*Asks:* 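The structure's right below; bear with me while I get my questions together.
The first residue in the sequence is number 1, and the count goes up from there. Values below: all heavy atoms of this structure, side chains included; hydrogens, waters and symmetry mates excluded. All figures in this text were calculated on a predicted structure; none of them were measured in a lab. When a ligand or atom number is given, it counts from 1 through the structure's own listing order.
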Amino acid sequence: MTTTGGRAGRLRIAVLASGRGSNLQAILDAIDAGTLDAEVAGVFSDKPDAVALQRARDAGLHAESLRAKGFASREAFDDAFFASVDAVRPDLIVCAGYMRIIGAAAVEARAGRMINIHPSLLPLFKGLHTHRQALDAGVAEHGASVHFVTPDLDGGPVIAQARVPVLPGDDEDALAARVLTREHPLLLEVLRWFAAGRISLHERSVHVDGTTLSHPLQLGANHGFA
Ligand code: GAR
């Protein structure tokens, strides 16, 4: 069993981000507002110019980047990158727009302690350009998922999802914007449940309050799980 429950003190989160960092900002704002009982122990990026890093610095947080260029292998990069992440002693590692594939060894060493937010209703539309994939497939509904990270890219056990309609006339940008407004409350609610020690990973199963989850939790209109 791997769990983030039973720890002493507030949930310590390390955020991994490659870009704009709106999910990171949602976390920081919720902590500031007192609606998420957690602390961000550090923000880490593979892109030195990621806006997410600036958001972290503006908030007075530890912010660090490491370029993959120059490393001999994915494993060598991951070893160096995650040594920095581990140094801030996170209870939970949150991939929030971290666009680099993480090697199996680094993932397995942190099983049950690393989650990712992905802009689709997994298992649909893994990988990149998920909004385009959804439009091309002609689905009526799209959304976002938070899942445990496993070596299977975007294939780890799904904890929770938020759904949005696909509307007539949607283009990629319109659909992405609609999904993003639901990503932030989705991620925050998952983090609240982690902070309360309610979510854990057992083998390939998500446990909530000690019981195996048969279907992903669904975010309701009130931003809680239905
Ligand atoms: C979010 O839409 C997130 O779901 C997606 O990147 C965006 C990051 O936005 N993640 C992936 O596509 C991971 N495969 P943000 O930097 O504003 O939080």
*Asks:* According to ring-ring contact (aromatic ring centres under 6.0 Å, His included), who are the partners of H62, at least two apart in sequence or on a separate chain?
*Replies:*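 ring-ring contact (aromatic ring centres under 6.0 Å, His included) check on H62 returns F44.
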
*Asks:* Pairs under 3.5 angstrom only: tabulate donor-acceptor contacts from the side chains of residues 132-144 to other protein residues two or more places apart or in another chain.
*Replies:*
residue : atom : partner : partner atom : Å
R132    : NE   : E172    : OE1          : 3.2
Q133    : NE2  : K126    : O            : 2.9
Q133    : NE2  : L128    : O            : 2.7
E141    : OE1  : R163    : NH1          : 2.9
H142    : NE2  : H131    : ND1          : 2.9

*Asks:* Could you tell me which residues satisfy ring-ring contact (aromatic ring centres under 6.0 Å, His included) with H207, sequence neighbours excluded, listed by chain and number?
*Replies:*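 With sequence neighbours excluded, H207 shows a ring-ring contact (aromatic ring centres under 6.0 Å, His included) to H202, given in chain and number order.
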
*Asks:* Salt bridge or not between D86 and R110? Use side-chain N to carboxylate O under 4.0 Å.
*Replies:*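 Result for this pair is yes, salt bridge flagged.
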
*Asks:* With hydrogens left out, which residues have an atom under 4.0 Å from ligand 1, given that only heavy atoms count?
*Replies:*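 Lining ligand 1: R20, G21, S22, N23, G97, M99, I117, H118, P119, E183.
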
*Asks:* Would R100 pass as a cation-pi partner of F77, given that its NZ or CZ must be under 6.0 Å from the six-membered ring centre and within 45 degrees of the axis?
*Replies:*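 Verdict for F77: a cation-pi partner in R100.
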
*Asks:* Assess whether side chain to side chain donor-acceptor pair (under 3.5 Å) is satisfied between S22 and H184, documenting all intermediate values.
*Replies:* CA-CA 8 Å; S22 73; H184 298 162; 2.9 Å; yes

